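So the structure is just underneath, and the comments pick up after that.
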Number of protein chains: 2
Amino acid sequence: MDQAPVWLRRRSTGVGRPAERSQEEVTAAAIELADLDGLVAVSMRGVAGRLGTGAASLYRYVSGRDDLLDLMIDEVAAGYELPPPTGPWLPGLVEVGRQARALMLRHPWLPELVLTRPVIGPHGVDLLEHVLALLADHPAAPARKLEAFAVMNATTAAFALNELGAAERPAHGAGDAVRAARPARAAGRPDAYLAHAMAAGGHPHLTAALAGMTPTAVNSGDRFESVLADVLTGLLGPA
Amino acid sequence: MDQAPVWLRRRSTGVGRPAERSQEEVTAAAIELADLDGLVAVSMRGVAGRLGTGAASLYRYVSGRDDLLDLMIDEVAAGYELPPPTGPWLPGLVEVGRQARALMLRHPWLPELVLTRPVIGPHGVDLLEHVLALLADHPAAPARKLEAFAVMNATTAAFALNELGAAERPAHGAGDAVRAARPARAAGRPDAYLAHAMAAGGHPHLTAALAGMTPTAVNSGDRFESVLADVLTGLLGPA
DNA sequence: CCCACTTCGGGAACACTGTTCGCGAACACT
DNA sequence: AGTGTTCGCGAACAGTGTTCCCGAAGTGGG
């Protein structure tokens, strides 16, 4: 018998010794820690230390580290500012994606978490409801809409992850906070081998493609919105 | 100063005591272990035990657990059977996606890994080369093609992850191997809270959508190929 | 007022984890 | 036989998530 989801577990009755902290406080502390030093810093002892308590006490509010991570996801999802779902669906969905990307850049640990654990808490449900409201007049079958929601989330998270990874490469400067937040990986990872493969030859199209890349620092926010719009149009037809 | 990528590190010279194992053997053992009991089972001691050696010996072949995970990804990517890139690009790309999904269902730990670490080893480079070859005559800018490659990977992995998660839910039967391979998460996760949110009301579009879902067990392979084709068409224009 | 009863806090312990050190063994070459 | 270099790996270290269990801190009943 496994546990009920985190979000509908017993909340404190009036009886017994009153709790000195709350699940929200624990979640908030975990998020601060993750923003500061990355997901690896979110250890039970670490979070407890930041709250000035013992590690074992956390298990009064959270049934384990996994639960805490789920709570972190949904807590950040509270940051969406969802306007009333009016107007055509495409701009509405792109706006959702824009906000999602912003949240992920603000919390560099989020993409990895969202991609890995397909959980929906209260705020996630609100978000899904909003997306479905935007698509209310769309003729596609409900299953197609859910697929679109899933693909949209995956695309956004993957895009943000790449952006964050790219920010690690410059030697110093703006990427420092991000580098601190994702300390596990060495710098310059993804293409480290790419360069060697090109030099070794045998991959003509690859060399051609990389040579033809304009190193102009395009606004990656614009790129993202363009990609997302294209993907959604492909899935749900032209607006 | 961080390390050079795993794939171009010093291989054994003829001098000194000969190695009793190889990087390939270590990688293979790790993959077997992951196929059997999930990623959590891939611990240094675990892998070493399966090879009948001590844990510390592995560090002669691999510079750490992270390297090992990277090697696992690329080793599985050796399983692609890439036909000569002829014909229109859309079917070619969908075929690549088809194979990717098959590999991920055969190795349930792969999606999570691919989504989380954007690494490209030798076989990953070959795959990218193949995709670019398929798109050689396509007029899009190289950067757009790389974006399409990335989105394609993310979509495929996310789709496979959802499929694997869904396979956990039935009480018994075919999902057992998968359940063993991803033991960390409780069963029936993603929608566990969804049901409650619906019952509580306040999410009309959600309830409507879930009610309108046909529970027909559609061939999810077909669904995947359809989604992928739509996404790619959206990104790269109609074939 | 005191005594159940229930809940919370958290030190200590357990079973692990990844990783490093250092030493002895095993080979090739001179 | 000696030297240089590599490999194998037991032991140790610092850290992890989680459970036990006991004392503290409250509330409600007699």
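Quick caveat: nothing in here was measured; it's all calculated off a predicted structure. In what follows, chains are A, B, ... by sequence order, proteins preceding strands, each numbered from 1. When reading the values below, keep in mind they use all heavy atoms of this one structure, side chains included, and skip hydrogens, waters and symmetry mates.
OP1 or OP2 of D:dC9 lies within a sub-4.0 Å distance of a side-chain N or O belonging to B:R21. Taking 4.0 angstrom as the limit, B:Y61 places a side-chain polar atom (N or O) nearer than this to OP1 or OP2 of D:dG8. At least one side-chain nitrogen or oxygen of A:S57 sits closer than 4.0 Å to the OP1 or OP2 atom of C:dG10.
With rounding to whole Å, B:D37 atom CG is found 16 Å from C:dC16 atom C1'. Between the P atom of C:dG10 and the CD atom of A:E20 lies a distance of 6 Å, rounded to the nearest Å. In this structure, A:E25 places its CD atom 10 Å from P of C:dG9, rounding to the nearest Å. We find that CG of B:D66 is positioned 12 Å from C1' of C:dT19, with the value rounded to whole Å. Atom-to-atom, CZ of B:R65 to C1' of C:dC16 comes out at 13 Å; the value is rounded to the nearest Å. Between the CG atom of B:L51 and the P atom of D:dC9 there is a distance of 10 Å, given to the nearest Å. As rounded to whole Å, 14 Å separates atom C1' of D:dT16 from atom CG of A:L58.
For B:R17 and D:dG8, a side-chain-to-base donor-acceptor distance below 3.5 Å is absent, hydrogens and geometry of angles not being considered. A donor and an acceptor atom never sit less than 3.5 Å apart when one is taken from the side chain of A:R45 and the other from the base of D:dG15.
Comparing D:dC9, C:dG11, C:dA13 against the side chain of B:A56 picks out D:dC9 as the nearest. Considering only side-chain atoms of B:R60, the nucleotide from C:dA13, C:dT7, C:dG22 that sits closest is C:dG22. Closest approach to the A:V15 side chain among D:dC9, C:dT7, D:dT5 is made by C:dT7 (side chain taken as heavy atoms from C-beta onward).
Put simply, NE2 on B:H203 and CG on A:D126 are 4.0 Å apart, with the number rounded to the nearest 0.5 Å. Taking CD of A:E163 as the start and CE of A:M104 as the end, the distance is 11.0 Å to the nearest 0.5 Å. With rounding to the nearest 0.5 angstrom, the CZ atom of A:R45 is 10.5 Å from the CG atom of A:L58.
Using a 4.0 Å heavy-atom cutoff across all strands shown, B:S43 reaches sugar-phosphate atoms only and no base atom. Residue B:V42 is in sugar-phosphate contact alone, with no base atom involved, counting any heavy-atom pair closer than 4.0 Å across all strands shown. Counting any heavy atom pair closer than 4.0 Å across all strands shown, A:G54 reaches sugar-phosphate atoms only and no base atom.
Checking each of A:D74, A:D67, A:D66 against A:R117 for a salt bridge (charged side-chain N to carboxylate O under 4.0 Å, His left out) leaves exactly one that passes, namely A:D66.
Mapped onto DNA chain C by nearest heavy atom, B:P18 and B:G64 fall at different nucleotides, with B:G64 at the one closer to the 5' end.
Checking A:E75 against A:T27 by side-chain atom types alone, no donor-acceptor pair falls below 3.5 Å.
Both distances falling under 3.5 Å, in either a Watson-Crick or a G-U wobble arrangement, place D:dC13 opposite C:dG18.
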